[in-house]
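What you see below is based on every heavy atom in this structure, not just the backbone, and it leaves out hydrogens, waters and symmetry mates. Just so we're on the same page: letters track the sequence lines, and every chain starts at 1.
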Amino acid sequence: MEIDVEKLKRDWAGFTFDTAEFEAKSDDLVGFAQACGETDKRYTDPAHADFQAVPNYPSRYVGRRILPDNFPRLGGGYGFDAGKCVIPIAPIRPGDKITAKSQIHDIYTKTGRSGTMLFIVHRMEFQNQRGEPVSIVDWRMVQQDRGAK
Amino acid sequence: MSLTYDDVDFGAELPPVAPDVTLANVRRFTAASGMTFGRFSDHEQARKEGLPGAIVPGIMSQGILVALIHRWAPNARVTKIDTIFRAPILVDSHPVARGVVTDKNDETRSLEIDLTIQNEAKETRVVGTATVELP
């Protein structure tokens, strides 16, 4: 199947296809931070005056859908997680109710030794219960594709 | 030890860290992050999925790199971290996380830090860059 990446972008990028809500729980904030080797008490001690989630904490959240309904099935292989970019904007505190909105932010290809890889950038924008933006997470999903142009 | 922007030279290396990726600690991470997939927490299940053993979740690798920065500069504010998961890090292996300052921006008093996690064979499995602000 030949895939027109520019058409895919025009058709699918830039609109919200999923909204999900999460609660930031103190025990999870501590467990996440300590397992990663975090030593700063801002991230590991709930009694600290500035206790908050580590900057990449929202990367743990996954929406109800990874791709929009009816998004075309691409390539013949399986996809994998190629990376994540996190832009922390404001602290996430225990008890915060976090709303995440998902969209396809970008679609592009790269060609390497193993052929052409199709990258789909899934963006989640997070805000707290006061409507304040707290983080943006871009998740690069890769699919090996033999027909991208 | 708190660092200031002026304390840091271009090319400065962050003290390397040998993160704990034992099965027990990775299970602690997966419990806290809700990533309760067998490929992260069970060697046998991972092998059934074609992996050589259980693997460290990518976002845990990212968290290890954030912790590396905070150990070096506890007062640093990470304003961006971008990681590429080139290849899996195996649970119960002995990786090393490293960082080096590759740029300084005097206007914003921010640093660019290149980050890596290598396995025992010195293969770079995770690469990343972080933007960090210091007072």
Side-chain angles (χ1 to χ4, degrees), chain A residues 20 22-45 48 50 52-63 78-91 94 110 112-114 117 119 121 124 135-142, chain B residues 2 17-22 24-37 39-40 49-51 55-88 95 97 126-133:
Chain A
F22 310 96
E23 180 179 352
K25 296 179 179 172
S26 183
D27 286 352
D28 291 343
L29 269 54
V30 172
F32 188 110
Q34 288 185 336
C36 291
E38 186 62 66
T39 53
D40 189 327
K41 289 190 181 301
R42 272 184 302 170
Y43 307 109
T44 61
D45 182 1
H48 191 281
D50 195 26
Q52 59 187 272
V54 291
N56 73 312
Y57 184 81
S59 61
R60 62 159 290 195
Y61 292 128
V62 179
Y78 58 88
F80 59 91
D81 182 357
K84 284 193 172 67
C85 178
V86 182
I87 299 176
I89 299 169
K110 284 186 178 179
R113 283 175 297 181
S114 54
M117 312 290 275
F119 287 71
V121 182
M124 291 182 86
S135 188
I136 297 170
V137 177
D138 283 348
W139 170 26
R140 291 182 293 273
M141 295 180 283
V142 176
Chain B
S2 293
V17 166
D20 179 353
V21 296
T22 58
N25 196 47
V26 172
R27 283 178 174 167
R28 181 179 191 194
F29 179 84
T30 60
S33 63
M35 300 182 73
T36 52
F37 305 107
R39 63 181 176 273
F40 300 132
E49 294 182 27
L51 296 161
I55 60 174
V56 177
I59 64 168
M60 183 173 176
S61 297
Q62 188 178 57
I64 287 166
L65 293 169
V66 171
L68 171 80
I69 294 167
H70 288 149
R71 283 174 182 234
W72 169 66
N75 55 339
R77 192 169 82 86
V78 176
T79 59
K80 181 178 180 182
I81 179 152
D82 192 356
T83 47
I84 297 170
F85 310 132
R86 278 186 179 173
V126 178
V127 297
T129 57
T131 306
V132 170
E133 291 179 0

Query raised in the report: Counting heavy-atom pairs under 4.5 Å to chain B, which of A/Ile89, A/Val30, A/Asn56 comes out on top?
Result: A/Asn56
Report task. Could you tell me whether a side-chain N or O of B/Thr83 sits under 3.5 Å from a main-chain N or O of A/Lys84, the two making a donor and an acceptor? Result -> yes
**Report entry** Winner by heavy-atom pair count (cut-off under 4.5 Å) against chain A, out of B/Arg77, B/Gln62, B/Arg86, B/Lys80
**Finding:** B/Gln62
Query - Donor-acceptor pair, side chain of B/Arg71 and main chain of A/Gly37, under 3.5 angstrom - result: yes
**Report entry** Nearest non-hydrogen partners of B/Ala32 and A/Gly31, listed with the distance
**Finding:** CB-C, 3.7 Å
Query raised in the report: How far does SG of A/Cys36 sit from CD1 of B/Ile59, to the nearest 0.5 angstrom?
Result: 8.0 Å
Query raised in the report: Under 6.0 Å from the CG atom of A/Asp50, do we count more than 12 heavy atoms belonging to anything else shown?
Result: yes
Query - Segment of A/Tyr61 engaging chain B (4.5 angstrom heavy-atom cut-off) - result: neither
Query raised in the report: Is the backbone of A/Phe32 close enough, under 3.5 Å, to the side chain of B/Arg28 for a donor and an acceptor to pair up by distance?
Result: no
**Report entry** Among the listed options A/Val86, A/Ile136, A/Ile87, the residue most often paired with chain B at heavy-atom distances under 4.5 Å
**Finding:** A/Val86
Query raised in the report: What's the spacing between B/Asn75 CG and A/Arg42 CZ if we round to 0.5 Å?
Result: 7.5 Å
Query - Heavy-atom donor-acceptor pair, A/Asp40 side chain to B/His70 backbone, under 3.5 Å - result: no
Query raised in the report: With the threshold set at 4.0 Å, does a side-chain nitrogen-carboxylate oxygen contact exist between A/Arg140 and B/Asp82?
Result: yes
Report summary line: Taken to the nearest 0.5 Å, the spacing of A/Asp81 CG from B/Ile84 CD1 works out to 11.5 Å
Query raised in the report: Which atoms of B/Met35 come close to chain A, meaning under 4.5 Å heavy atom to heavy atom: side chain ones, backbone ones, both, or neither?
Result: neither
Query raised in the report: What part of B/Asn25 gets closer than 4.5 Å to chain A, counting heavy atoms only: side chain, backbone, both or neither?
Result: both
Query raised in the report: What part of B/Ala76 lies closer than 4.5 angstrom to a heavy atom of chain A: side chain, backbone, both or neither?
Result: backbone
Report summary line: Heavy-atom closest pair (B/Val78 atom, A/Pro55 atom, distance to 0.1 Å) is CB-CG, 4.1 Å
Query raised in the report: With B/Pro88, which residues qualify under side chain to side chain contact (heavy atoms under 4.5 Å, CB included), at least two apart?
Result: B/Ile55, B/Arg125
